[in-house]
Amino acid sequence: MDAGGGAYSSRTAEEVFRDFRGRRAGMIKALTTDVEKFYQQCDPEKENLCLYGLPNETWEVTLPAEEVPPELPEPALGINFARDGMEEKDWLALVAVHSDAWLLAVAFYFGARFGFDKESRRRLFNMINNLPTIYEVVTGTVKKQSKEKTSNSSSKSKSSSKMSRQVESQTKASKVPPPKDDEDSGADDEEDEEDHENTLCGACGDNYGTDEFWICCDICERWFHGKCVRITPARAEHIKQYKCPSCSTNKRARA
C-alpha cells in the first residue's frame, strides 16, 4: 500500500498494520532524529504544507493532494504556518498529535475500504494500541515511569556504557553470565530486565531488545537504539556526555 492509488495485493489487518507502522516510523523520524531538516522544510512563507508518513519508513513535507476526494485521508493542513509562533517543542508536540490522528484515519480508511469485519477491526486496533503514539514518543511521556526508578543521569550514563559492553560481548562470544550466589540477585535481575522491556526508543518508538545496543541522552534522559542515532558501542565508550539529536538541535537554536 502506498500514498497514491494502485492495486492492493493484500487486504488483511496485519498488512494494514505494517503500512501503519511504516508510516509511523517515518513521521517519528521527522519529529525526532530529522527534526532540523523537518523544521527547515516547514517554511511559513510557503503554501499550506502537510507532513506525510510513507510506508517505507520515510517522510515528506508537501502540498496536499489535488484530486477531490483524495486517495487517502489528508494530514493536518498548514503545519508550517504555526512553526514560528510557538516554542519548538510545543509545535512538534502539536504536529505529533495531528500525525497520530492521521495515522488512525488512514488505517481505518483501509479497514473500511477492504470491508473488515468486527474481529478484523478489533485486531487492527489492538496491534496499533500496543505501540506508543507519536505524541508519546516525541514528548517522552511513556518514559516518565521508568525514569523515576533511576537515581540520576550520571548513573544512567554508566548503565549505558555497561549495556554497550554487555551487548558487545554477547555479539562476539555469546557468553553466559556466572550463576548468582543468592536468590535475591536473581530477582533483581528479573526486575531490571522488566524495566528495560518497558523502555522505548526515543527515535523509532520500538521496545528494548536484549540483543540491541542502547544509549541514554544525559540531557533529556531518553533512551535510543544506537543504530537510530548512529552511535556504535565502541564510540559510546569514548563519550563523556551524550546529547541526542533533539537536545543538540535545541542547544544550537538557543545559541
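We count residues from 1, following the sequence as given.
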TODO: Could you check Val106 against Asp19 for side-chain contact (heavy atoms from CB on, under 4.5 Å), going step by step and ending with a plain yes or no?
DONE: CA-CA 9 Å; Val106 170; Asp19 180 272; 4.3 Å; yes
- [ ] Assess whether atom CD of Glu87 is packed by more than 12 heavy atoms of other residues, nucleotides or ligands within 6.0 Å.
- [x] no
Task: Verify same cluster id: Val35, Val97 (apolar side-chain graph, 4.5 Å) - done: no
- [ ] Taking all heavy atoms of Ala107 and all of Val16, pick out the closest pair and write down the distance.
- [x] O-CG1, 3.6 Å
Open item on the list: Do Leu72 and Arg23 have side chains that approach each other closer than 4.5 Å (heavy atoms only, starting at C-beta)?
Closed with: yes
Open item on the list: Looking at every heavy atom in both Glu67 and Glu71, which two are closest together, and how far apart are they?
Closed with: OE2-N, 3.8 Å
Task: Qualifying side chain to side chain donor-acceptor pair (under 3.5 Å) pairs with a residue from residues 98-108, counting only residues at least two apart or across chains - done: none
Open item on the list: Please report the interatomic distance CD(Glu136) to OG1(Thr133), rounded to the nearest 0.5 Å.
Closed with: 3.5 Å
Task: Main-chain N/O of Asn126 paired to Asn130 side chain as donor or acceptor, under 3.5 Å - done: yes
Task: Minimum heavy-atom distance Ala25-Glu57, with the two atoms named - done: CB-CG, 3.8 Å
Open item on the list: How long is the straight-line distance from CG of Leu51 back to CD of Gln41, given to the nearest 0.5 Å?
Closed with: 9.5 Å
- [ ] Mind listing the closest non-hydrogen atom pair of Cys244 and Cys217 along with its distance?
- [x] N-SG, 3.4 Å
Task: Neighbour count >12 (heavy atoms, 6.0 Å) for atom CZ, Phe81 - done: yes
Task: Pro132 versus Leu200, closest heavy-atom pair with distance - done: CG-CD1, 3.4 Å
Open item on the list: Which heavy atom of Ile79 sits nearest to which heavy atom of Cys50, and what is that distance?
Closed with: CD1-C, 4.2 Å
Task: Inter-residue atom distance Arg21.CZ - Glu14.CD, 0.5 Å rounding - done: 13.0 Å
TODO: Please name the residue in the list Trp59, Phe38, Tyr135 that meets the side chain to side chain contact (heavy atoms under 4.5 Å, CB included) test with Leu31.
DONE: Phe38
Task: Arg235 (side chain) donor-acceptor with Arg230 (main chain) under 3.5 angstrom - done: yes
- [ ] Find out whether Ile134 and Ile28 are in side-chain contact, i.e. whether some heavy atom of one side chain is under 4.5 Å from a heavy atom of the other.
- [x] yes
Task: Inter-residue atom distance Tyr52.OH - Glu60.CD, 0.5 Å rounding - done: 8.0 Å
Open item on the list: Rounded to the nearest 0.5 Å, what separates atom CG in Leu124 from atom CZ in Arg121?
Closed with: 10.0 Å
- [ ] Could you pull out all residues at least two apart from Asn56 that satisfy side-chain hydrogen bond (donor to acceptor under 3.5 Å, both in side chains)?
- [x] Thr58
Open item on the list: Taking the side chain as everything from C-beta on, heavy atoms only, tell me whether Leu131 gets closer than 4.5 Å to Phe20.
Closed with: yes
Task: With Tyr39 via ring pair (Phe, Tyr, Trp, His ring centres under 6.0 Å) - residues at least two apart - done: Trp91
- [ ] Please tell me if the side chains of Phe125 and Phe108 come closer than 4.5 Å, counting only heavy atoms from C-beta onward.
- [x] yes
Open item on the list: Please determine whether residues Leu77 and Met27 belong to a single hydrophobic cluster, defined as Ile, Leu, Val, Met, Phe, Trp and Tyr linked transitively by side-chain heavy-atom distances below 4.5 Å.
Closed with: no
Task: Separation between SG of Cys247 and CG of Asp218, rounded to the nearest 0.5 Å - done: 9.5 Å
- [ ] Would you confirm whether Arg222, through its side chain, and Val137, through its main-chain N or O, come within 3.5 Å as a donor-acceptor pair?
- [x] yes
Open item on the list: Is any side-chain heavy atom of Ile231 closer than 4.5 Å to one of Ile239?
Closed with: yes
Open item on the list: With a 3.5 Å distance limit and no angle check, can you tell me whether Lys243 reaches the backbone of Ile219 through a side-chain donor-acceptor pair?
Closed with: no
Open item on the list: With heavy-atom distances below 4.5 Å as the criterion, would you say the side chains of Leu49 and Leu63 are in contact?
Closed with: yes
